[in-house]
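For reference, the structure is listed below as structure tokens.
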Amino acid sequence: MRACAIALIRRGIASEIGTLSHPFSLFCSDLRNVGFQCRRHFSSLLRLDFSIVKDMGFASFVFGEMIKVRPPPSVSMFNNMLHVVVKMEQYTAALSMFDEMRQSGAPMNVYTMNIAINCYCLLNRVDFGFAVLGCCFKLGYEPNVVTFNTLLKGICIDDKVIEAEQLFSKLLALDLCEPNEVMISTLINGLCKGGYTGRACDLLALLETRSYKPNVCAYNALIDGLCKDGRVEDALSFFRKMIDNDIPPDVVTYSTTMCGLCGVGRWKDVEYLVNEMLNRKISLNVFTFSILVNALCKEGNMKAAEDVLEVMIRQNISPDVVIYTSLIDGYCSRGQMDKAKEIFHSVVDQGLEPNIITYHSLIKGYCTNGKIDEAWCLFLEVPHKGLQHTAHTYNTMIHGLFREGRFAEGCDLFYRMEDQQVHPDLVTYTILLDGLLRDHQIDKAFSFLRRMEDSGFYPDIVTYGTLVKGLCADGRVEAARHIINRLPSKGLQPDVQMYTMVLVSLYQQGLVMEAKGLLREMEENGCSPCSVTYNFIIRGLLKSNKHCWAMQFLKEMIIRGFVADSTTVSVLLKFQTQKKDEIKF
DNA sequence: GCGGCGACAG
């Protein structure tokens, strides 16, 4: 045990090992249970049920024994051992074992090499995966379809899906291996997840004309990609197509399709599919219920979400933390913080562990409902629960502090985020820009903008919208106008909201000619003023006492068939009461 | 004998 620990520590993986101090008595009883009577005959472990290896401490111990014993255990035992460690997501540890096996001349085969390649891929080092492929050739282990498929997946993980597609074509052209169903699924999934759903459709169509048969996983991946792209009709046509091609949809197909339908509010179709599933004797599982509950929560239909929860409990399917997180998020969005908190406590009471997303939902709920101190308490609780903050939790907390006008604290939290090695993302920078602008720290905001560009984060339309809003609020309408002018050179098109903010500012400052020019430009760019534009302009003009202009816009809005929203109506009524002698409605 | 693919919460 000690030697094993030292060896592993030397390889720098001590941190990944977890409980090295596994009680020795427990090892012995575990080993007795699996028939490990005599160390010299490790072959008695051939039938060892590796599922009993549940922690790294025990895994390291068993591996240490395996590597020492003579004659050595079979190659499949070593592969089983590595596989267990991979399933525990301890990829670095598995690679250290692989390394040790090589150094001590333990038996290996192409399966071992494939496991090692998979570990490198899962650690985002597909380049090392290819190095192992080189070793395969050198050592005479002939790579097979699994080897290439693992590398293909690694390339996809590395966000180079097009290269994966090229490798696939090369494999076909050079006849390096015969692609199978799993490989096709991997590539289709990679293409869809990488944002190339169109290419995935083309590939599937091409394969259908050949002898390669896409399986249910391939169809599911494609249906998922289409649904996430909002192409629900296309997803449904693939759903029908797979039935025509004698590939029966399974619970994943149904859940994925329902997820797409829920997203566009097609509840009747969802109901139809649930009935179809039941007719086909396919049971709804925890994923299916989770999709339904989440969609209902997003719609704000908490009663229906709770009903679905009850149905699943009645069917003896235990709701998991994901489902409860959806409910917490739903109640938080509706400002029902007491209900959200109650569910949070019930999660803990049931022995489930709230994760960082659960905490994020609750923190966000408190922030948006003006309970920043409660949010802060939860934020501080996260590391004590053994959870790690993410960019999401930092972003929400910083945003919450800024919303309360606590700019210095928000900025401090940003620096703490960097200290804690949580990498800021585009959302972080946008929130910071917003805060700095609202705190009238214009120069600091622009230096942040440069900093984000230096870090490789290029502002998107939301970031520019934030800049425009901040500059307008600060009365710097010229600077805001300049940003809009420069957008096309950055490959972005100004949107209605952006134009609206500048328009309101121009009218408020009495720059009527400029405003009219901008309105023309807006129409020319195919960005016609919408209901929101008119409402914002009218409210802005009333607030700055430019009621004549406001009335003119009101008239134009009505002519164009738009209506004043409730906020505008209340501002108009307030204005009417103040100036009832001057204005007649 | 042992390895590679799919659906859920921010």
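Here the structure is a predicted model, which is why all the values come from computation and not from measurement. Letters go in sequence order (proteins before strands), and every chain restarts at 1.
- For A:Lys160, the salt bridge (charged side-chain N to carboxylate O under 4.0 Å, His left out) criterion is met by A:Asp158, not counting sequence neighbours.
- One atom, CG of A:Leu296, and another, C1' of B:dC8, lie 14 Å apart when rounded to the nearest Å.
- In terms of phosphate contacts, A:Lys193 brings a side-chain nitrogen or oxygen within less than 4.0 Å of OP1 or OP2 of B:dA7.
- For B:dC2, its base never sits under 3.5 Å from the side chain of A:Ser76 at any donor and acceptor pair.
- In this structure, the CD1 atom of A:Ile356 is 14 Å from the P atom of B:dG10, given to the nearest Å.
- The A:Asn118 side chain lies nearest to B:dG4 when the options are B:dG4, B:dC2, B:dC5.
- Partners of A:Phe128 according to the ring-ring contact (aromatic ring centres under 6.0 Å, His included) rule, which considers only residues two or more places apart in sequence or in another chain, are A:Tyr120.
- At whole-Å resolution of the value, CD1 in A:Ile115 and P in B:dG1 are 16 Å apart.
- Applying the salt bridge (charged side-chain N to carboxylate O under 4.0 Å, His left out) test to pairs two or more places apart or on separate chains, none has a residue in residues 170-192 of chain A.
- The nucleotide whose nearest atom lies closest to any side-chain atom of A:Asn109 is, among B:dG4, B:dG10, B:dC2, B:dC2.
- Under 3.5 Å, the side chain of A:Thr358 and the base of B:dG10 form no donor-acceptor pair of N or O atoms.
- Between A:Lys87 and the phosphate of B:dC2, there is no side-chain N or O to OP1/OP2 separation shorter than 4.0 Å.
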Exercise for review: Would you please test A:Met312 and A:Leu292 for side-chain contact (heavy atoms from CB on, under 4.5 Å) and show each step?
Suggested key: CA-CA 11 Å; A:Met312 74 180 285; A:Leu292 296 173; over 6 Å; no
Expected list for residues 322-332 of chain A: side-chain donor-acceptor pairs under 3.5 angstrom, two or more places apart:
from, atom 1, to, atom 2, distance (Å)
A:Tyr324, OH, A:Gln350, OE1, 3.3
A:Tyr324, OH, A:Gln350, NE2, 3.1
A:Thr325, OG1, A:Val321, O, 2.6
A:Thr325, OG1, A:Thr358, OG1, 3.0
A:Ser326, OG, A:Asn294, ND2, 2.8
A:Ser326, OG, A:Val322, O, 3.4
A:Asp329, OD1, A:Ser361, OG, 3.0
A:Tyr331, OH, A:Glu306, OE2, 2.7

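- A salt bridge links A:Lys241 and A:Glu208; the closest N-O separation between the charged side-chain nitrogens and carboxylate oxygens is under 4.0 Å.
- In this structure A:Arg266 satisfies the salt bridge (charged side-chain N to carboxylate O under 4.0 Å, His left out) test together with A:Glu233, A:Asp269, sequence neighbours excluded.
- With distances taken from any side-chain atom of A:Lys364 to the nucleotides B:dC8, B:dC5, B:dG10, the minimum falls on B:dG10.
- For a distance-only test at 3.5 Å, the side chain of A:Ser290 qualifies as a donor-acceptor partner of the base of B:dC8.
- In this structure, CD1 of A:Ile363 is placed 19 Å from P of B:dA9, rounded to the nearest angstrom.
- Between B:dC8, B:dG4, B:dA9, one nucleotide has an atom nearer to the side chain of A:Asn180 than all others, and that is B:dG4.
- Atom-to-atom, CZ of A:Phe289 to C1' of B:dA7 comes out at 15 Å; the value is rounded to the nearest Å.
- Residue-level contact check: A:Val145 touches the bases, meaning some heavy atom is under 4.0 Å from a base atom.
- Of all the residues in residues 238-266 of chain A, A:Asp250, A:Val252, A:Ser255, A:Thr256 reach under 4.0 Å from DNA chain B with at least one non-hydrogen atom.
- Side-chain proximity of A:Thr150 to the nucleotides B:dC5, B:dG4, B:dA9 is greatest for B:dG4.
- The CD1-P distance, from A:Ile117 to B:dG4, rounds to 12 Å in whole Å.
- Within the 4.0 angstrom heavy-atom criterion, no nucleotide atom of any strand lies near A:Val286.
- If you check every strand for non-hydrogen atoms under 4.0 Å, A:His83 touches sugar and phosphate atoms only.
- Rounding to the nearest 0.5 Å places CD1 of A:Ile356 at 12.5 Å from NZ of A:Lys385.
- Remark: aromatic rings of A:Phe148 and A:Phe168 are distant, center separation not under 6.0 Å.
- No aromatic stack links A:Phe287 and the base of B:dC8, using centre distance under 5.5 Å and interplanar angle under 30°.
- In this structure, the CG atom of A:Leu222 is 19 Å from the P atom of B:dC5, given to the nearest Å.
- Here A:Thr390 lies in heavy-atom contact (under 4.0 Å) with a base.
- Residue-nucleotide stacking is present for A:His392 and B:dG10, judged by a side-chain ring centre under 5.5 Å from the six-membered base ring centre and planes under 30° apart.
- Taking only side-chain atoms of A:Cys217, from C-beta outward, the nucleotide of B:dC2, B:dA7, B:dC5 with the closest atom is B:dC5.
- Listed nucleotides B:dA7, B:dG4, B:dC5 differ in distance to A:Lys228; the shortest reach to its side chain belongs to B:dA7.
- Distance CE (A:Met77) to C1' (B:dC2): 11 Å, rounded to an integer number of Å.
- Of the candidates B:dC8, B:dG10, B:dG4, the closest approach to any side-chain atom of A:Asp320 belongs to B:dC8.
- Base contact: A:Ile357 has a heavy atom under 4.0 Å from a base atom.
- Closest approach to the A:Asn79 side chain among B:dC2, B:dA9, B:dC8 is made by B:dC2 (side chain taken as heavy atoms from C-beta onward).
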